[in-house]
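Here the structure is a predicted model, which is why all the values come from computation and not from measurement.
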Amino acid sequence: MATPNPKIRLSGLAGMLVRNKLLDEDATQKAFEEARRKRTPFIQYIVEQKLVSSIDIAASASKEFGVPLFDLTAMDLEQCPVSLVKEKLIRQHHALPLYKRGKRLFVAVSDPTNLQAIDEFKFHTGISTDPVLVEENKLNKAIEDVLSAQDSANIGDMLDEDYENIDISSGEEEQNTVDDSDIDDAPVVRFVNKVLLDAINKGASDIHFEPYEKTYRVRFRQDGVLHEVANPPITLANRLAARVKVMSRLDIAERRVPQDGRIKMNLSKNRSIDFRVNSCPTVWGEKIVLRILDPSSSQLGIEMLGYEDSQRERYEKALASPYGMILVTGPTGSGKTVSLYTGLNILNTPDTNISTVEDPVEMNIQGINQVNTNMKAGLDFSSALRAFLRQDPDVIMVGEIRDLETAEIAIKAALTGHLVLSTLHTNDAPQTLTRLANMGVPAFNIASAVTLIIAQRLARRLCNHCKTKVDIPKEALKQEGFKDEDIEKGITIYGPVGCDQCADGYKGRVGIYQVMPVTEAIGRIIMEGGNAMQIGDQAKREGIKDLRESGLTKVVEGITSLEEINRVTRE
């Protein structure tokens, strides 16, 4: 027969609870054992389990042990001299330095019998230390608030430069009366500004601020691939999100629904960078993603985008036409906007009236009339297009053809003497024509209006400083799609290595294109109701390279790797 566990002699705070009839002896014994088993301070356990309220414990302990009771809500926690001791000591003893008066330090505790805490604070500071009794729940919150503020200060100290005075404004014209005085604490401001500048310097396209249950991370998308760059304390999650939202003039009080905004960063008199900002509520807080919109990327010139000579000639010929439709297709992030704006810059002359409608406008270009869609006000792609047709246009750019109504108006504009540029989300050029047909656009309108389709992807460029030759068997090259005559001549293929000049062996990106004019033969297939496969076969007979073939050409030229082409073409 097992002998019962002997009762623990209750003393200190536990004994006080029994003496003052706040908790009976059996319940106190059980709570004491559970707290010890879970390695949790006794007072923290009974408050968490709601066995006794914090205020009742504090009031009774103050009277029992003669320690003054203090209300932490009346204290300005920013004045707490936490720099006198290490964070580890504060957390270990669950005690907080409150204030220093002369040669005495007053320390907030919720358990006045914790004499070890007082002695250790005295030993580490070299100052006489007196306890001040506070409520357990308020002490918990005060410690977390003070230490999180110290974390943000430490982030500020880690920065080598002064990032506070960068000229940053909202991209919106309308003024918002948000009071951001509570958000503009210097360390958070400096950290966010540093992240933005680092992203620009590294050539990133997107910045991700991501909260999780116990961690927080910042990631950059460089050359199409995400890389983790920082792990600020999770306690800063709300302040980082609020800071970015203030910069982009979003509602900092609204955390339940996604929001969109813009930031403008002036780097010099001649160069500014725009950021498109989106906030999205997640389980652990708001995730913020910034898309970096560098206007200089739209002014690279068509020769810098990676078009082969024949492909560039087809694009320039279509741009020179006074009417017709040019469609650029590909997944999100494949460089469609840059291709369109490069074409618009070629057309942007004093004698040409250019109007664009986008959701939202990504690059502000002098000399082009740009319109943002506004669904709340009823301004969508189709209504903007109707307005453009009454504005004496020469060139119209539609951000995306999403529905039949927009497609029909754009087709009508292309057939009535206007040059129309737009995008669609399809995998390749032949599928774009069948997609229009599936939307309900009559086949004869498609064949008559569409003059050129550009399908594209972005592949990472190999770093010229560290790329190395790779030996691949001839059979493997044949399976990858290289031509027999090229294999026999000898192909030199390079692979990534990685050095201090690049990221994982790659630096920058290059376009992979399928540039397909809608010829008379292709138009006939459309009129006869042909499918994408038939259109693709005809394009090959006419010498049009598909995305895979264009990618393999870039591999042979040593511009990118075979692994990268396999990644972006997925064939």
Side-chain angles (χ1 to χ4, degrees), residues 206 257-262 276 278 280 289 291 293 298 318 324-341 343-344 354-363 368-391 393 395-416 418-458 514 516 518 526 531-532 535:
D206 300 86
V257 296
Q259 298 184 66
D260 291 291
R262 292 179 77 94
R276 190 177 72 202
N278 177 266
C280 183
V289 176
R291 167 66 57 89
L293 308 171
S298 65
M325 178 181 283
I326 299 173
L327 294 172
V328 181
T329 181
T332 301
S334 60
K336 299 188 298 294
T337 302
V338 172
S339 284
L340 284 176
Y341 271 103
L344 289 178
I354 303 175
S355 296
T356 74
V357 55
E358 298 169 75
D359 181 22
V361 171
E362 293 195 9
M363 300 174 185
I368 296 177
N369 308 293
Q370 297 171 282
V371 174
N372 266 322
T373 59
N374 186 338
M375 305 310 286
K376 291 181 180 178
L379 178 59
D380 55 13
F381 286 120
S382 56
S383 58
L385 270 174
R386 288 194 189 92
F388 288 168
L389 293 174
R390 294 190 290 273
Q391 291 265 318
V395 179
I396 295 171
M397 197 269 271
V398 187
E400 183 183 350
I401 294 178
R402 295 177 179 172
D403 52 55
L404 177 59
E405 185 180 13
T406 304
E408 286 181 333
I409 300 170
I411 292 274
K412 178 183 174 184
L415 291 172
T416 54
H418 307 94
L419 182 61
V420 179
L421 291 81
S422 189
T423 71
L424 270 176
H425 285 277
T426 58
N427 290 327
D428 60 14
Q431 288 184 29
T432 305
L433 295 171
T434 55
R435 169 76 191 282
L436 288 172
N438 292 338
M439 289 173 68
V441 180
F444 61 86
N445 278 345
I446 299 172
S448 303
V450 181
T451 55
L452 184 75
I453 302 170
I454 301 173
Q456 69 178 75
R457 302 287 188 275
L458 286 178
Q514 179 185 23
M516 188 184 82
V518 180
I526 298 168
N531 57 36
I535 295 170

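The CD1 atom of Ile409 lies 5.0 Å from the OG atom of Ser382; values are rounded to the nearest 0.5 Å. Atom-to-atom distance recorded for Leu424:CG and Arg435:CZ is 5.5 Å, nearest 0.5 angstrom. Summarising the geometry, atom NZ belonging to Lys336 is positioned 9.5 Å from atom CG belonging to Leu458; distances are rounded to the nearest 0.5 Å. To the nearest 0.5 angstrom, Asp380 atom CG is 8.0 Å from Thr373 atom OG1. Distance CE/Met516 to CD1/Ile454: 11.0 Å, rounded to 0.5 Å. In this structure, CG in Asp206 is found 11.0 Å from CG in Asn278, a value given to the nearest 0.5 Å.
Annotation for Glu358 and Phe381: closest pair CA-CE2, 3.9 Å, computed over non-hydrogen atoms. Counting all heavy atoms, side chain and backbone alike, Ala455 lies closest to Ala429 at CB-N, 3.6 Å. Annotation for Val357 and Ala384: closest pair CG2-CB, 3.6 Å, computed over non-hydrogen atoms.
Side-chain atoms of Gln514 and Arg457, non-hydrogen and from C-beta on, never get closer than 4.5 Å to each other. Taking the side chain as every heavy atom from C-beta outward, Leu421 and Val398 never approach each other to under 4.5 Å. The shortest distance between side-chain heavy atoms of Thr329 and His425 does not fall below 4.5 Å. Looking only at side-chain heavy atoms (C-beta outward), Ile401 and Met439 come within less than 4.5 Å of each other. At a threshold of 4.5 Å between non-hydrogen side-chain atoms, the residues Ser355 and Met397 do not count as touching. Within the 4.5 Å cutoff, side-chain heavy atoms of Thr356 are placed close to those of Ile368. Put simply, the side chain of Ile396 does not reach to within 4.5 Å of the side chain of Leu419, judged on heavy atoms. Within the 4.5 Å cutoff, the side chain of Leu327 has no heavy atoms near those of the Val420 side chain.
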Hey, can you pull the donor-acceptor pairs under 3.5 Å for the side chains in residues 441-453, sequence neighbours left out?
unit_1 : atom_1 : unit_2 : atom_2 : d
Ser448 : OG     : Phe444 : O      : 2.7
Thr451 : OG1    : Met325 : O      : 3.0

message = Between Asp260 and Arg276, is the side-chain contact (heavy atoms from CB on, under 4.5 Å) condition met? List the steps.
response = CA-CA 8 Å; Asp260 291 291; Arg276 190 177 72 202; 5.8 Å; no
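Not a single donor-acceptor pair under 3.5 Å links the side chain of Thr434 to the backbone N or O of Ala532.
Legend: residues meeting salt bridge (charged side-chain N to carboxylate O under 4.0 Å, His left out) with Arg402, ordered by chain and number and at least two apart, are Asp359, Glu400. For Glu405, the salt bridge (charged side-chain N to carboxylate O under 4.0 Å, His left out) partners at least two apart in sequence or on another chain are Arg386.
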